[in-house]
Amino acid sequence: MRLTLHTDYALRMLIYLAIHQDKPCRVTDVAASYRISRNHLLKVALGLGRLGYMTATRGRTGGIALARRPEEINLGEVVRKMEVDFALTECMQTEGGLCAIAPACRLKRVASKALAAFLAVFDDYTLADITGNRDQLAGLLDLPRSMKAA
């Protein structure tokens with residue numbers, strides 16, 4: 001099982017915003033802290049905004065922020081909304097795929113159970129749960145760039 005980079009970046013952006021709730025944030029700040037593409041993060045931010053997880057305010061004093069409290073953001077919900085495709089096997093595709101053994105194969109049931117178990121773990125956690133070590137995370141994300149590479 002694997003999350004797309006889009007979902008990974010969305011979770012990281014939410015973590016950043018949760019630990020920086022007391023100050024204005026910019027997508028540029030998040031990108032610099034994680035050393036990832038600002039352009040890709042802009043797309044992620046747009047998606048998070050559309051889904052109601054994040055707000056954006058324009059202007060000099062503007063920025064991005066969580067739209068909900070971290071306790072109200074369930075990780076399983078975020079993963080389900082950010083991921084485009086959960087087809088672990090060809091037969092799990094929306095169109096059903098073209099597998100020759102599909103009528104007799106039991107793999108789809110096993111893969112479906114595995115996916116449900118994978119998502120169930122995310123369902124057990126909120127953004128607050130994974131940012132409980134806020135000071136440690138903030139220390140790592142706020143280091144000067146030159147120190148991060150060391």
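Below, all heavy atoms of this structure are taken into account, side chains as well, without hydrogens, waters or symmetry copies.
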**Asked** Does the pair Asp123 and Arg80 meet the rule for a side chain to side chain contact (heavy atoms under 4.5 Å, CB included), with working shown?
**Response** CA-CA 10 Å; Asp123 288 337; Arg80 283 179 181 84; 2.6 Å; yes
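- Residue pairs meeting the ring-ring contact (aromatic ring centres under 6.0 Å, His included) criterion with at least one partner in residues 35-58, sequence neighbours excluded, are His6-His40, Tyr9-His40.
- Counting only heavy atoms from C-beta outward, the side chains of Leu48 and Met82 approach each other to under 4.5 Å.
- Counting only heavy atoms from C-beta outward, the side chains of Arg68 and Met54 never approach each other to under 4.5 Å.
- For the pair Ile101/Leu107, no side-chain contact is recorded, criterion being any heavy-atom separation below 4.5 Å from C-beta on.
- The pair Asp22-Arg134 meets the salt-bridge criterion, since a charged nitrogen lies less than 4.0 angstrom from a carboxylate oxygen.
- Aromatic ring orientation, Phe122 versus Phe118: perpendicular (interplanar angle above 60°, classes split at 30° and 60°).
- Side-chain contact between Gln21 and Leu17 is absent, with no heavy-atom pair separated by less than 4.5 Å.
- No donor-acceptor contact under 3.5 angstrom links the side chains of Glu72 and Thr126, judged on distance only.
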**Request:** Please report the C-alpha distance between Tyr34 and Asp8 in whole Å, then the side-chain angles of each, then the deciding distance to 0.1 Å, and finally whether the side chain to side chain contact (heavy atoms under 4.5 Å, CB included) criterion is met.
**Result:** CA-CA 12 Å; Tyr34 286 117; Asp8 178 23; over 6 Å; no
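- In this structure a side-chain-to-backbone donor-acceptor pair under 3.5 Å is missing from Tyr125 to Asn74.
- Atom CD of Gln136 has 12 or fewer heavy atoms from other residues, nucleotides or ligands within 6.0 Å.
- Between Val30 and Arg12 the shortest side-chain heavy-atom distance does not fall below 4.5 Å.
- The shortest side-chain heavy-atom distance between Leu14 and Leu127 falls under the 4.5 Å cut-off.
- A heavy-atom distance below 4.5 Å is not found between the side chains of Thr55 and Ile64.
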